[in-house]
Amino acid sequence: MGDGFRRFCWIGFSWILILCIHQVQLSEPQSDGSCDFFRGSWVFDETYPLYNTSACPFIEKEFDCQANGRSDSLYLKYRWKPIDCMLPRFNGQDFLRKLKGKKILFVGDSLSLNQWQSLTCMLAASVPQSNYTISRKGDLSTFSLPDYEVSVMLSRNAFLVDLVKEKRGTVLKLDSIENGKSWKGYDFLIFNTWHWWLHKGRRQPWDFIESRGTVRKDMNRLLAYREGLTTWSKWVDSNVNTTTTRVFFQGISPTHFDGNEWNGTKATTCEGQTRPAASSTYVHGAPPAEAVVKEVLKNMSTPVVLLDITRLSQLRKDGHPSIYTGLKGNDCSHWCLAGVPDTWNQLLYAILTTGES
């Protein structure tokens, strides 16, 4: 009877163990190749940030919020957690091994600079014993790690389409993209454009817009953006060989100048914000440019991976340089480094290493 009782207890214990393991598997998000990395929430993580800016001597002064006097550090301690799966932690050595011999080109405005600088800092911190070179020639910046034969470049190009100086003034040509010739020969292209399309007055870098043969002083900016982005999409469809080059588009990076968007007051900005907004209290919808991007990408014949960073970045009202840029003003457009763009690059790494898109 003793042996039978022990056998009965062992069988019962085994079933309880199986049920517990099954419950854990159900409660823990699984990375099974069908994950939406962009739906989730920000969670506190004491192991963050992924690097210290003091180990990144080439960082732009405007992004180095801690060095510019920002005393709070809680904004550095948040990790993006998808709802349905686990987002792999960024592993710079793994990234470099898998991309050995590759060339990556970011093309876009200062938000592309933000992401490019983030990635270069993350890589430099991951392999501190490796030599790197960094240089700038005109609008092209190049960060290279010779040991891995990896180069990460940035081409500063606010509109993607051509901005041309003529006798009558500077013309934004929505149907022309001659500058695309310099984008050929790369393994990865990561494009971005939006913020400069909204600038007016002294911050507007053009005098005229040329659209379908018609030159005018101004037009609806969202329509202009759609037309310019369509021109870019046609260039990609006609010029990118998808067997050798993979194309990404950085989604619309939000600003935080209006507290109404996160259940605050209209006069509230990113200044003084120290924590992310809760998804339940962030009532503002997506910026209209996001719908334009998704529509244009949907109509392309070339597969383009959208880094759909808008919603997750909308929640980070605490992540901007604000008054800590070393300059005058309140910057609620760009992002502190270390900070939110590191997550954009963590998502890029996850897509490249898991095949999820």
Side-chain angles (χ1 to χ4, degrees), residues 42-80 87 89-96 104 106 108-136 141-145 148 150-154 156 190 192 250 253 256 270-276 309 312-313 316-349:
W42 292 97
V43 297
F44 183 81
D45 190 331
E46 188 59 52
T47 67
Y48 274 54
L50 295 171
Y51 60 91
N52 192 315
T53 52
S54 62
C56 189
F58 47 83
I59 190 171
E60 296 277 335
K61 177 178 174 61
E62 292 87 342
F63 302 151
D64 195 354
C65 301
Q66 294 284 304
N68 292 326
R70 183 167 179 173
S71 59
D72 66 297
S73 59
L74 194 62
Y75 73 96
L76 295 168
K77 298 292 185 180
Y78 286 95
R79 170 175 56 86
W80 180 248
L87 181 64
R89 188 180 179 91
F90 183 82
N91 183 325
Q93 293 183 13
D94 181 58
F95 182 97
L96 291 168
I104 305 167
F106 288 86
D109 57 26
S110 52
L111 275 307
S112 287
L113 169 61
N114 230 171
Q115 186 176 3
W116 172 81
Q117 183 120 91
S118 161
L119 182 57
T120 57
C121 287
M122 292 165 78
L123 292 175
S126 297
V127 287
Q129 305 306 318
S130 293
N131 293 323
Y132 67 82
T133 63
I134 188 164
S135 62
R136 178 173 178 178
S141 293
T142 302
F143 173 84
S144 296
L145 287 158
Y148 294 90
V150 170
S151 296
V152 186
M153 284 91 143
L154 168 71
R156 293 165 173 81
I190 305 168
N192 157 63
Q250 181 204 77
S253 177
H256 290 92
C270 68
E271 183 179 353
Q273 302 295 322
T274 59
R275 287 178 171 81
I309 61 167
L312 66 91
S313 302
R316 292 307 305 273
K317 57 187 174 64
D318 59 321
H320 298 285
S322 183
I323 59 174
Y324 302 105
T325 62
L327 304 170
K328 292 182 179 180
N330 181 27
D331 185 354
C332 297
S333 298
H334 300 98
W335 303 92
C336 293
L337 294 180
V340 173
D342 303 334
T343 295
W344 302 350
N345 286 315
Q346 188 178 1
L347 291 162
L348 175 66
Y349 166 72

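Both backbone and side-chain heavy atoms feed into the values below; hydrogens, waters and symmetry mates do not. Throughout, numbering of the chain's residues begins at 1 and tracks the sequence.
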Subject >> Heavy-atom side-chain proximity of Ile190 to Trp116 below 4.5 angstrom >> reply: no
Subject >> Spacing of SG belonging to Cys332 relative to NZ belonging to Lys317, to within rounding of 0.5 Å >> reply: 11.5 Å
**OP:** Write down the atom of Gly108, the atom of Ser112, and the distance for their closest heavy-atom approach.
**Re:** CA-OG, 3.4 Å
**OP:** Over all heavy atoms of both residues, which pair between Ser322 and Asn330 is shortest? Give the atoms and the distance, please.
**Re:** OG-OD1, 2.7 Å
Original post:
Counting distance only, does the side-chain N/O of Trp344 pair as donor-acceptor with the main-chain N or O of Leu119 below 3.5 Å?
Top reply: no
Original post:
Is it the case that Thr274 and Asp72 place a side-chain donor and acceptor less than 3.5 Å from each other?
Top reply: no
Original post:
NE2/His334 to CG/Asn114 distance, rounded to the nearest 0.5 angstrom?
Top reply: 6.5 Å
Original post:
Side chains of Tyr75 and Cys336: closer than 4.5 Å at any heavy-atom pair?
Top reply: yes
**OP:** Give, for atom CD of Gln117 and atom SG of Cys56, the distance between the pair rounded to the nearest 0.5 Å.
**Re:** 6.0 Å
Original post:
So how far is it from Lys77 NZ to Thr47 OG1, rounded to the nearest 0.5 Å?
Top reply: 7.5 Å
Subject >> CD1 on Ile323 to CG on Asp331, rounded to 0.5 Å >> reply: 11.5 Å
**OP:** Give me the ring orientation class for Phe90 and Phe95: parallel if the planes are under 30° apart, tilted from 30 to 60°, perpendicular past 60°.
**Re:** tilted
**OP:** Verify, without hydrogens or angle tests, whether Gln115 (side chain) and Asp342 (backbone) share a donor-acceptor contact under 3.5 angstrom.
**Re:** no
Original post:
Can any side-chain N or O of Ser313 pair as donor or acceptor with the backbone N or O of Ile309 at less than 3.5 Å?
Top reply: yes
Report all side-chain donor-acceptor pairs from residues 58-65 shorter than 3.5 Å, counting only partners two or more places apart or in another chain.
| from | atom 1 | to | atom 2 | distance (Å) |
| --- | --- | --- | --- | --- |
| Lys61 | NZ | Asn68 | OD1 | 3.2 |
| Asp64 | OD1 | Thr53 | OG1 | 3.2 |

**OP:** State yes or no: are the ring centers of Phe143 and Tyr132 separated by less than 6.0 Å?
**Re:** yes
Subject >> Residue pair Trp42 / Arg275, side-chain heavy-atom distance below 4.5 Å >> reply: no
Original post:
Can you check whether Arg156 reaches Ser141 side chain to side chain, under 4.5 Å on heavy atoms?
Top reply: yes
Subject >> Side-chain touch Trp335/His320, heavy atoms, less than 4.5 angstrom >> reply: yes
Subject >> Under the salt bridge (charged side-chain N to carboxylate O under 4.0 Å, His left out) test, residues paired with Asp318 that sit two or more places apart >> reply: Arg316
Original post:
If we only count heavy atoms from C-beta on, is the Thr120 to Ile134 side-chain gap below 4.5 Å?
Top reply: no
Subject >> Spacing of OG belonging to Ser118 relative to CD belonging to Gln346, to within rounding of 0.5 Å >> reply: 10.0 Å
**OP:** Indicate yes or no: at least one non-hydrogen side-chain atom of Tyr78 is less than 4.5 angstrom from one of Val340.
**Re:** no
**OP:** For the pair Tyr148 and Val127, evaluate side-chain contact (heavy atoms from CB on, under 4.5 Å) and give the outcome as yes or no after the intermediate values.
**Re:** CA-CA 10 Å; Tyr148 294 90; Val127 287; 3.5 Å; yes
Subject >> Any Phe106 side-chain heavy atom under 4.5 Å of Val152 side chain >> reply: yes
